[in-house]
Structure formats: C-alpha cells, structure tokens
Amino acid sequence: MSRADSLVVLDFETTGLSPDMGDRAIEIGAVKIEEGVIVDQFQALMNPGRRVDPFIERYTGITNTMLTSADSCADVMADFAEFIGDSNLLAHNASFDKRFLDAEFQRIKHQYRGEFICSLLVSRRIFQNAPNHKLGTLVGYCNIESNGAFHRALYDSEMTAKLWLAIIDIICQRSNLETLPFNAAQKLCKTPKKSIDKYLESLKPIVA
DNA sequence: TGCCAGGCCCTCTTTAGGGCCTT
C-alpha cells in the first residue's frame with residue numbers, strides 16, 4: 001500500500017492551543033482510510049508530565065487522574081509513528097493538529113513523510129451555506145449519525161473521517177469521478193472559494 | 001470564566017483588522 005493510497009485522519013486533545021507556549025498533547029486518536037473505507041484505528045491517552053487545568057478536564061472529559069496512569073507522550077508518539085507510517089494525513093483544522101504532531105515528533109526525533117490536507121478548508125469551499133464549519137455542525141449538516149460525544153480524540157477523528165468520505169462522495173458526484181486523488185484534494189484546500197465550481201468542473205474526466 | 005497562537009479568509013484590504021476554527 002503506497003502513501004498515496006492510505007490516509008490517516010487524526011485528532012489531538014491537548015492542554016491548550018499552542019505548543020510554542022508549552023502546551024502538550026494528552027490524547028491522540030486516528031483512523032486509517034484505504035479505498036474509501038475505515039480499516040484501522042489508534043487511540044491513546046498520554047501523560048504530559050504536568051497537570052491539565054479544569055477547563056481542559058471539562059472540555060475533553062480527560063481528567064488528571066486518567067492521565068496519571070497513562071503512558072508518556074514519547075512512548076505513545078513512537079507507537080503512533082508506526083501507525084501512520086508513510087500515510088498522508090488529514091485533520092479538521094489541520095494547522096492546529098500539525099503543530100502538535102510536529103512538536104511531539106520533534107521531541108522524539110522522528111520525521112514523517114506524509115502530507116496534510118484539511119477538512120475545514122475543504123468544507124468552507126464545498127459547504128458554503130453551512131451555518132458554520134465546526135466539526136459537530138458539519139456532521140449534523142451532512143446527516144452523519146452521531147451520539148454527540150465530541151472532544152475525544154478517537155471520536156473526533158472518526159467523525160472527521162466520515163465527514164471527509166461524505167465530502168468525497170459529493171465531489172465525485174459533481175465531477176463524475178470514481179475517487180478524488182490526494183493531489184486534487186490538496187489543490188482543493190487552496191482553491192479560492194469563488195473558483196470552486198470551475199475547479200470541480202476541471203476535474204471531470206474526458207468522456208469519449 | 002476560557003486565556004494564549006496561528007493560519008485562513010473576508011472586507012470598510014494589500015502600509016490592516018477582525019472573525020473563524022482547533023484545545
């Protein structure tokens with residue numbers, strides 16, 4: 001399975017918003033998509049080496065007690081590096097998760113080859129009439145079944161993956177494609193919103 | 001009671017400012 005055929009959808013829960021300000025990951029969740037199907041998953045809490053504040057405990061449901069017995073960030077991220085291999089990567093608001101992935105991998109001197117795409121950027125282009133582009137809102141907007149248990153890493157990664165598969169279905173229907181190549185999805189992240197229809201039209205295969 | 005940051009994106013723009021999204 002080449003990198004182009006495997007996509008890992010990931011989500012971090014963290015102590016805050018910025019690794020540059022000392023924030024750390026406290027949970028990683030991810031699912032692997034191959035040929036349009038979720039085929040594997042990864043979830044682990046990790047001990048950031050310090051207490052998380054009450055807001056994060058309430059926001060995520062992850063308590064200091066739970067983290068006390070968790071493996072270290074280094075051990076978890078080493079396992080996660082094996083899980084993602086050379087796969088390409090996707091997250092909802094990928095710039096956030098990429099910063100934490102880069103920071104945690106830098107601590108264990110690991111480099112990864114996969115490239116990121118962002119379901120938030122694509123959603124803003126495809127669902128221009130959505131009330132907003134929060135993950136939970138888009139899951140409801142796309143009629144994806146959900147129990148509402150957001151803000152845990154594995155659940156959010158699963159919901160992001162299902163949102164992504166729904167987006168691909170819509171694009172493929174509009175563009176008469178069987179699948180959306182990764183490089184086309186990358187370009188979609190950067191295409192101006194006003195040019196989306198033209199871009200999707202350009203993806204249509206030539207029919208003899 | 002969310003605070004921080006940072007990239008994207010829009011507009012009353014580009015020599016800027018502010019909302020959205022992530023925890």
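Proteins come first, then strands; the chains are lettered A, B, ... in the order of their sequence lines, and each starts at number 1. All values reported here derive from a predicted model rather than from experimental measurement. The figures here come from the full heavy-atom set of this structure, side chains too, leaving out hydrogens, waters and symmetry mates.
- A:I26 pairs with exactly one of A:N64, A:I62, A:V76 by the side-chain contact (heavy atoms from CB on, under 4.5 Å) rule, that one being A:I62.
- Nearest to the side-chain atoms of A:R125 among the listed nucleotides B:dC9, B:dT23, B:dG6 stands B:dC9.
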Original post:
After noting the C-alpha distance and the side-chain angles of A:D53 and A:R58, does the key distance pass the salt bridge (charged side-chain N to carboxylate O under 4.0 Å, His left out) rule?
Top reply: CA-CA 9 Å; A:D53 65 36; A:R58 285 195 303 271; over 6 Å; no

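- For the 3.5 Å distance criterion, the side chains of A:Y155 and A:S146 qualify, holding a donor opposite an acceptor.
- The phosphate of B:dT23 has OP1 or OP2 within less than 4.0 Å of a side-chain N or O from A:H151.
- A donor-acceptor pair shorter than 3.5 Å cannot be found between the side chains of A:T14 and A:D23.
- Sorted by residue number, the members of residues 15-22 of chain A with any non-hydrogen atom under 4.0 Å from DNA chain B read A:G16, A:L17, A:S18, A:D20, A:M21.
- When distances are taken from the side chain of A:F96 to each of B:dT23, B:dC21, B:dC4, the shortest belongs to B:dT23.
- At most 12 heavy atoms of other shown residues, nucleotides or ligands fall within 6.0 angstrom of atom CD in A:Q106.
- When the nucleotides B:dC9, B:dT23, B:dC21 are ranked by their closest atom to the side chain of A:L120, B:dC21 comes out on top.
- If you check the side chains of A:N47 and A:S72, you find no donor sitting under 3.5 Å from an acceptor.
- Contact annotation: A:H133 does not reach the phosphate of B:dC20 (side-chain N/O to OP1 or OP2, under 4.0 Å).
- Dashed line: the shortest gap from a side-chain N or O of A:K193 to OP1 or OP2 of B:dC10 is under 4.0 Å.
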